[in-house]
Amino acid sequence: IEIEITTIEELLSTEKDCELQLHSMSQLLENRERFEKVIVDENICINQLKNFTESYECDKQIFLGVEKSTTQIEIKWHSGQAAYLASTLEEQQPCPVCGSLEHPAPAKMSLDLAGAEQIISKEDVDKAKAELRIAREVMQASNKVMDDSVNKLHIVQHEKNRIRSDLGDYLDRTVDDLRGLVKSFQVQLLDINEKKKQKEICNTKITELCNWMQESETAREKQSVDML
């Protein structure tokens, strides 16, 4: 029994180390599983950023086109106003704008491709400005979505780098490998707990044996006294 207890105590002396190893390996496993998820999240973020960037570039080109069109409409409207004013000029009468009595090159109405006069109204200008404002808002919204996507990607990549550093040499170990190591330490602890129970049984047996021996010795001593 004493030999068995000694063997059990030698095994129990590794319990603390086994618990520490199990805790450390469990954390590594958790980080390794998290690393797998972060890789997936990173790929999703990269694809989203690509789509959001393409969407922003498209909205930007639309905005630039509307902006150019609006500018042209405003120029034509101002030219039309100048042409209308020029049509009211009279010889030797002062220009209502500059006051000159001479009008060598009065403004003329813009012509379209067919040679007809292009008449741009104030409503046309207001409509173009409204469309420009909407195009700008759409572009700005797309830009914000793209910026948010960039920030999200940076956060995910920062998390990936942190976990990579924590894993160290275990980065190359698969999740299944680490699960196997965790399982092995769990089995060792179960074995140690079983040995604890066996030690308690052995201690009980020793106690019972010692009590029996003491009782036997007491009985022999009493018998010797009685024989005298």
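Nothing fancy with the numbering, it's 1 onward along the sequence.
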| said: Taking side-chain contact (heavy atoms from CB on, under 4.5 Å) as the definition, give me every residue that meets it alongside Lys144, ordered by chain and number, with sequence neighbours left out. | reply: Asp148

| message | Using 0.5 Å steps for rounding, measure from the CG atom of Leu64 to the CG atom of Asp59. | response | 11.0 Å

| said: How close do Cys18 and Leu189 get, counting heavy atoms only, and between which atoms? | reply: SG-CG, 3.7 Å

| query | How long is the span from the CG atom in Leu171 to the CZ atom in Phe35, to the nearest 0.5 Å? | reply | 5.0 Å

| query | Can any side-chain N or O of Asn47 pair as donor or acceptor with the backbone N or O of Asn43 at less than 3.5 Å? | reply | yes

| message | With side chain to side chain contact (heavy atoms under 4.5 Å, CB included) as the criterion, how do Thr71 and Lys68 come out once you've worked through the C-alpha distance, each side chain's angles and the decisive distance to 0.1 Å? | response | CA-CA 5 Å; Thr71 300; Lys68 181 179 180 181; 5.8 Å; no

| request: Answer with yes or no whether the hydrophobic clustering places Val125 together with Val66; edges join I, L, V, M, F, W, Y residues whose side-chain heavy atoms lie under 4.5 Å apart. | output: no

| task | If you link ILVMFWY side chains whenever their heavy atoms are less than 4.5 Å apart, which other residues fall into the same cluster as Val40? By chain and number, please. | result | Ile44

| note | Of all heavy-atom pairs linking Ile120 and Trp77, the shortest is O-CD1, 3.0 Å

Using a 3.5 Å cut-off and no angle test, enumerate the donor-acceptor pairs between side-chain atoms of residues 23-30 and protein atoms at least two apart in sequence or in another chain.
from: Ser26; atom 1: OG; to: Leu22; atom 2: O; distance (Å): 2.7

| field | From CE (Met139) to CE (Met146), nearest 0.5 Å | value | 10.5 Å

| message | Within this structure, what is the CD1-CD1 distance for the pair Ile62 and Ile134, rounded to the nearest 0.5 Å? | response | 12.5 Å

| query | Cluster partners of Leu20, using ILVMFWY side-chain heavy atoms under 4.5 angstrom, listed by chain and number? | reply | none

| said: Can you tell me which residue among Glu67, Glu123, Glu74 is in a salt bridge (Lys or Arg N to Asp or Glu O under 4.0 Å) with Lys129? | reply: Glu74

| said: Please say yes or no: joined through hydrophobic side-chain contacts below 4.5 Å, possibly via intermediate residues, are Phe185 and Tyr170 part of one cluster? | reply: yes

| query | Pairs in or reaching into residues 48-57: which pass side chain to side chain donor-acceptor pair (under 3.5 Å), with residues at least two apart or in two chains? | reply | none

Residues 149-164 side chain polar contacts: donor-acceptor under 3.5 Å, at least two apart:
from: Asn151; atom 1: ND2; to: Asp147; atom 2: O; distance (Å): 3.3
from: Gln157; atom 1: NE2; to: Glu42; atom 2: OE2; distance (Å): 3.3
from: Glu159; atom 1: OE1; to: Arg162; atom 2: NE; distance (Å): 3.4
from: Glu159; atom 1: OE2; to: Arg162; atom 2: NH2; distance (Å): 3.0
from: Lys160; atom 1: NZ; to: Glu42; atom 2: OE1; distance (Å): 3.2
from: Lys160; atom 1: NZ; to: Glu42; atom 2: OE2; distance (Å): 3.1
from: Asn161; atom 1: ND2; to: Gln157; atom 2: O; distance (Å): 3.2
from: Arg162; atom 1: NH1; to: Asp166; atom 2: OD2; distance (Å): 2.8

| What distance do Leu181 atom CG and Arg173 atom CZ have between them, rounded to the nearest 0.5 Å? | 5.0 Å

| query | Nearest 0.5 Å, what's the CD1-CD distance between Ile73 and Glu131? | reply | 7.5 Å

